[in-house]
Amino acid sequence: MIKAAVCMASAHKDVYKNKLQKFTKGIEILNDSVVTENYPTPEHYDTAVIYGSYKKYRGSLHHKIKCQVAEKFKNYVQLETPVIGRSASTIDHDYLRVGVGGFLWDQAEWGFAYTDPDRYKKVFKDLGYNTNQEWKTQGSKILILLQNPGDASLRGTDIYNWCYDTITELQKHTDRPIVIRPHPLPRKGFDRFTNTIQMFDNVTMVENCLPDRLRPLELDFEDCYCAVSYASGSAVDAVLAGVPSLTNDPGNMAWLVSRNNIADIENRYLGDRVDWMQKVSMCQWSVEEFESGKCWDHVSKSI
């Protein structure tokens with residue numbers, strides 16, 4: 001029997017708490033021991049369950065709880081925004097990412113040893129994706145996908161400095177036009193970044209801003225030769241749309257089906273994606289699977 005502590009206050013919104021409550025029901029259905037406790041210790045529990053990523057420098061209660069859990073538990077369970085089927089216009093997703101010990105590709109234990117090879121077909125169908133999407137081998141522009149400064153997936157990287165360096169390096173290896181897609185959330189330092197970008201030739205930036213100027217990703221994938229990112233989840237969207245990807249951080253969930261060195265910009269990855277789709281489908285679970293215990297049955301094997 002696994003003794004789990006669900007940290008309900010790690011979820012700072014009611015919609016998130018509701019997801020944790022359904023996850024708790026799934027643990028109970030499989031007859032494992034579960035309690036609600038915000039500051040559990042490994043001496044009393046085998047694992048703890050938290051909602052969302054955390055930042056050590058934040059003083060909010062939910063950040064403090066998650067920091068303490070991550071520091072004390074090797075095998076904590078983390079619920080996070082989904083890998084497939086994300087939407088910037090809502091926080092209430094039908095699927096969520098669920099990892100043991102983190103939420104990034106190279107950080108978490110995803111239970112790939114227990115992969116159901118057919119699960120991906122249902123997950124992708126549920127979310128409206130074509131698993132037979134072919135690579136788009138044409139396209140003229142390079143698309144740089146930015147992230148919200150300070151996002152936990154950046155692991156301390158300054159996204160603006162990364163963008164400057166990436167443009168400089170790309171222009172050593174290609175003369176293709178470069179288009180920058182900003183993250184839609186409000187960005188500290190964005191005006192200064194915008195002014196600095198003007199020093200580069202053959203580089204433009206589109207407008208993308210919540211709530212009323214959110215730009216569809218599909219528009220930027222048109223005529224796209226390659227999508228370049230650090231750890232952006234939009235790299236997954238690119239791959240699923242058939243747009244080749246170049247990722248700079250192994251935490252990127254599209255790392256396995258991307259080139260990882262900017263010098264390879266003219267040598268894109270156009271290989272098989274089935275193995276990756278099988279794996280990535282095991283990284284996220286529906287709320288229904290939370291409640292039924294199916295998610296916990298998989299996740300608990302890695303605790």
Side-chain angles (χ1 to χ4, degrees), residues 81-90 93 124 127-130 133-149 151 153-154 157 159-160 162-171 173-187 190-191 193-198 200-249 252-255 257-260 262 264-266 268-270 273 276 280:
T81 52
V83 183
I84 314 160
R86 297 172 307 108
S87 173
S89 61
T90 184
H93 294 94
F124 281 84
L127 296 168
Y129 289 95
N130 175 16
Q133 170 69 54
E134 295 183 356
W135 288 112
K136 297 177 180 178
T137 56
Q138 304 302 312
S140 63
K141 70 185 181 188
I142 293 171
L143 178 66
I144 295 182
L145 300 164
L146 292 188
Q147 294 174 247
N148 200 21
D151 189 87
S153 66
L154 290 168
T157 295
I159 192 63
Y160 296 145
W162 170 82
C163 187
Y164 302 144
D165 294 342
T166 297
I167 293 171
T168 300
E169 191 64 23
L170 280 169
Q171 292 186 333
H173 303 284
T174 183
D175 58 2
R176 296 178 185 274
I178 295 171
V179 176
I180 300 170
R181 177 187 170 88
H183 191 278
L185 289 175
R187 291 85 65 171
F190 185 69
D191 290 342
F193 169 74
T194 301
N195 292 333
T196 306
I197 285 301
Q198 296 176 9
F200 291 102
D201 293 328
N202 211 20
V203 176
T204 57
M205 183 157 54
V206 298
E207 185 180 37
N208 181 41
C209 186
L210 284 170
D212 55 356
R213 295 193 299 278
L214 182 64
R215 180 180 173 89
L217 261 171
E218 293 76 17
L219 282 180
D220 293 323
F221 288 160
E222 291 177 3
D223 193 34
C224 185
Y225 173 81
C226 186
V228 179
S229 63
Y230 190 77
S232 174
S234 294
V236 171
D237 297 313
V239 170
L240 294 178
V243 175
S245 169
L246 190 153
T247 60
N248 270 179
D249 185 80
N252 194 307
M253 300 301 286
W255 180 261
V257 284
S258 305
R259 292 296 184 215
N260 312 124
I262 292 176
D264 289 325
I265 189 64
E266 294 291 343
R268 300 166 298 172
Y269 177 87
L270 299 172
R273 282 166 291 182
W276 171 75
V280 84

K.L.:
For Thr81, what residues pass the side-chain contact (heavy atoms from CB on, under 4.5 Å) criterion, not counting sequence neighbours?
P.N.:
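Thr81 satisfies side-chain contact (heavy atoms from CB on, under 4.5 Å) with Arg97 only.
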K.L.:
With sequence neighbours left out, what residues match Phe190 under ring pair (Phe, Tyr, Trp, His ring centres under 6.0 Å)?
P.N.:
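Result, ring pair (Phe, Tyr, Trp, His ring centres under 6.0 Å) vs Phe190: none returned.
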K.L.:
The criterion is ring pair (Phe, Tyr, Trp, His ring centres under 6.0 Å); which residues satisfy it with Tyr129, sequence neighbours excluded?
P.N.:
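By the ring pair (Phe, Tyr, Trp, His ring centres under 6.0 Å) rule, Tyr129 matches no residue at all.
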K.L.:
Going by heavy atoms in the side chains, are Asp237 and Arg86 under 4.5 Å from each other?
P.N.:
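Of all side-chain heavy-atom pairs linking Arg86 with Asp237, at least one is under 4.5 Å.
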K.L.:
Using the salt bridge (Lys or Arg N to Asp or Glu O under 4.0 Å) criterion, which residues pair with Arg268? Sequence neighbours excluded.
P.N.:
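With sequence neighbours excluded, Arg268 shows a salt bridge (Lys or Arg N to Asp or Glu O under 4.0 Å) to no residue whatsoever.
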K.L.:
Applying salt bridge (Lys or Arg N to Asp or Glu O under 4.0 Å), name anything that partners Arg273, two or more places apart in sequence or on another chain.
P.N.:
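Listed in chain order: nothing, the list is empty.
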K.L.:
Less than 4.5 Å apart, any side-chain heavy atom of Met205 and any of Pro182?
P.N.:
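Yes, their side chains come closer than 4.5 Å.
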K.L.:
For Asp165, check side-chain contact (heavy atoms from CB on, under 4.5 Å) against everything at least two apart and list the hits.
P.N.:
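For Asp165 there are no side-chain contact (heavy atoms from CB on, under 4.5 Å) partners, ignoring immediate neighbours.
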K.L.:
In this structure, which one of Ile167, Thr204, Val228 forms a side-chain contact (heavy atoms from CB on, under 4.5 Å) with Ile180?
P.N.:
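Output: one option passes, namely Ile167.
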K.L.:
Under 4.5 Å between any side-chain heavy atoms of Leu143 and Val243, yes or no?
P.N.:
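In short, these two side chains do not touch, never coming nearer than 4.5 Å.
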K.L.:
Which pairs pass side chain to side chain donor-acceptor pair (under 3.5 Å) with one or both residues in residues 205-214, sequence neighbours excluded?
P.N.:
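Pairs touching residues 205-214 that pass the test: Glu207-Arg213.
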K.L.:
Could you list the residues that satisfy side-chain contact (heavy atoms from CB on, under 4.5 Å) with Ala235, not counting sequence neighbours?
P.N.:
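Scan of Ala235 (side-chain contact (heavy atoms from CB on, under 4.5 Å), adjacent residues dropped) gives Ser229, Ser245, Thr247, Asn252, Ala254.
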K.L.:
Check whether any side-chain heavy atom of Leu146 sits under 4.5 Å from a side-chain heavy atom of Phe193, and report yes or no.
P.N.:
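Yes, at least one pair of side-chain atoms sits under 4.5 Å.
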K.L.:
Run through Thr157, Thr166, Asp151, Asn248 and flag the one making a side chain to side chain donor-acceptor pair (under 3.5 Å) with Tyr230.
P.N.:
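Result for side chain to side chain donor-acceptor pair (under 3.5 Å) with Tyr230: Thr157.
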K.L.:
Examine distances only and state if a side-chain atom of Tyr225 and a backbone atom of Ile265 form a donor-acceptor pair shorter than 3.5 Å.
P.N.:
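Between the backbone of Ile265 and the side chain of Tyr225 there is a qualifying donor-acceptor contact (under 3.5 Å).
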K.L.:
Who pairs with Asn130 by side-chain contact (heavy atoms from CB on, under 4.5 Å), at least two apart in sequence or on another chain?
P.N.:
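Applying side-chain contact (heavy atoms from CB on, under 4.5 Å) to Asn130 gives Asn132, Gln133.
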K.L.:
Under the side chain to side chain donor-acceptor pair (under 3.5 Å) rule, collect the residues that match up with Ser87, sequence neighbours excluded.
P.N.:
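Partners of Ser87 under the side chain to side chain donor-acceptor pair (under 3.5 Å) test: Ser89.
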K.L.:
If you define the side chain from C-beta out and look only at heavy atoms, does anything of Tyr269 sit under 4.5 Å from Asn260?
P.N.:
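Sidechains of Asn260 and Tyr269: no contact.
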K.L.:
Do Tyr160 and Thr196 have side-chain heavy atoms sitting under 4.5 Å apart?
P.N.:
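Of all side-chain heavy-atom pairs linking Thr196 with Tyr160, none is under 4.5 Å.
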K.L.:
Just jot down the salt bridge (Lys or Arg N to Asp or Glu O under 4.0 Å) partners of Asp220, sequence neighbours excluded, or say none.
P.N.:
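Counting only residues at least two positions away or on another chain, Asp220 forms a salt bridge (Lys or Arg N to Asp or Glu O under 4.0 Å) with Arg181, Arg215.
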K.L.:
Under the salt bridge (Lys or Arg N to Asp or Glu O under 4.0 Å) rule, collect the residues that match up with Glu222, sequence neighbours excluded.
P.N.:
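Here no residue qualifies.
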K.L.:
Check whether any side-chain heavy atom of Gln171 sits under 4.5 Å from a side-chain heavy atom of Ile178, and report yes or no.
P.N.:
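Yes; the side chains approach each other to less than 4.5 Å.
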K.L.:
Looking at His183 and Leu185, what are the two nearest heavy atoms and their distance?
P.N.:
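For His183 versus Leu185, the nearest heavy atoms are ND1-N, 3.1 Å.
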K.L.:
Counting neighbours of CG on Asp201 that are heavy atoms of other residues, nucleotides or ligands and sit closer than 6.0 Å, is the number greater than 12?
P.N.:
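12 or below, so no.
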K.L.:
Are the side chains of Phe124 and Leu240 in contact, using a 4.5 Å heavy-atom criterion?
P.N.:
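The answer is yes, as the side chains (C-beta and beyond) meet within the 4.5 Å cut-off.
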